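So the structure is just underneath, and the comments pick up after that.
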Amino acid sequence: MTTVALAGNPNSGKTTLFNGLTGARQHVGNYPGVTVEHKRGTYNHDGISVEVEDLPGIYSLSAYSAEEEVARDFLIRQTPDVVIDIVDSSNLERNLYLSVQLKEMGLPVCLALNMMDVAESRGMEIDTEKLSFLMRTPVVPIVARKSEGIHEMMNRALEIAGKDPGPFKISYGPDIDPILDEMARAIDQDPVLDEAIRPRWSALKYLEGDETIKNSIAKRAPELEAKLNDMAKALDSHLRSTLDTYAEALIADHRYGYIKSILQQGVLTYRKDREAKS
Ligand code: GDP
Ligand code: MG
Ligand code: K
């Protein structure tokens, strides 16, 4: 059975979409060991049975909260065939921060631009084709509350389910990029590590100071972890002395910069005659 995970920021409309898809065919429980709610249901799409997982609402994949940890763990361990990323279109810039990270994980991601009714009432015009081209991923406008666009969204999601989404790399600048490449290569070439998620993502998380990734590599490949640790430390001390910053902060800056540049390439514009049209 094809598995679809619904990911997104809190209040982006995941549960509305989940309930619309699965109706009464759902099962609610808790994730083992944590009090984060776990919801799974089934949906029949033109005769294809799809298992849908409603992940906890998150802003990032950094594992700083129980919700992030649960969502990330699910994505890493269960590797759903496709992730539908529910985006609140009326807060496009902030919501894309998670979308970029989902893409960086190397999973097939379909962007569902929800709350299009709200975005439109605010005069926002979103060029979905341009966004799709720049993010290298399908983008479908929906209004979950009115069940608009859902069938098309599922069509696009199932088209990419289980397929290699191809590379998605954003630049973190001249200080970080070469180190990131070197760390990713070391992880990739390590005979013991068999990272389900792309090595570059693990390297990125390592540089962001992610304890879960660090411990997981340390447990299986302690020599490699010592080497990665030296590289990360050297980078941080270089960044501190030259730019008065550190890797995690610089990585976040570049991600936000990348999103801003996408929006400024004509993805987001504001209607000037919005009074006249409404
Ligand atoms: P979740 O936190 O991601 O699970 O979000 P919910 O599904 O609980 O939705 C948050 C709020 O947004 C609820 O009041 C929904 O009724 C509302 N909502 C969901 N989808 C839409 C939509 O497309 N348009 C509008 N206007 N409201 C929506
Ligand atoms: Mg919810
Ligand atoms: K490997």
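For ligands, and for the atoms within them, numbers begin at 1 and follow the listed sequence. Here, residue 1 is the first one in the sequence, and each next residue gets the next number. Given the structure is predicted, the values throughout are model-derived calculations rather than measurements.
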(request) Using a cut-off of 6.0 Å, state whether more than 12 heavy atoms not belonging to K227 lie near its atom NZ. (result) no

(request) State, without any angle test, whether S49 and N44 hold a side-chain donor-acceptor pair at a distance under 3.5 Å. (result) no

(request) Could you grab the protein N, O or S atoms closer than 2.8 Å to the Mg ion (ligand 2) for me? (result) T15 OG1

(request) Hey, can you tell me if Y97 and Y256 have their rings parallel, tilted or perpendicular (30° and 60° cut-offs)? (result) parallel

(request) Verify the neighbour count for atom OH of Y59: are there more than 12 heavy atoms of other residues, nucleotides or ligands below 6.0 Å? (result) yes

(message) If you compare all heavy atoms of I170 against all heavy atoms of R200, which two are closest, and at what distance to 0.1 Å?
(response) O-NH2, 3.6 Å

(message) Does E159 have more than 12 heavy atoms from other residues, nucleotides or ligands lying within 6.0 Å of its CD?
(response) yes

(request) Let me know which protein residues bring a heavy atom to under 4.0 Å of ligand 1; chain then number is fine for ordering. (result) N9, P10, N11, S12, G13, K14, T15, T16, N114, M115, D117, V118, V143, A144, R145

(request) Apply side-chain hydrogen bond (donor to acceptor under 3.5 Å, both in side chains) to T15 and D54, showing your working. (result) CA-CA 7 Å; T15 300; D54 186 21; 3.2 Å; yes

(message) So for atom CG, which belongs to D46, do other residues, nucleotides or ligands contribute more than 12 heavy atoms lying within a distance under 6.0 Å?
(response) yes

(request) Kindly indicate, with the supporting measurements, whether the criterion salt bridge (charged side-chain N to carboxylate O under 4.0 Å, His left out) is fulfilled by E208 and R255. (result) CA-CA 12 Å; E208 289 181 87; R255 259 192 212 121; 3.2 Å; yes

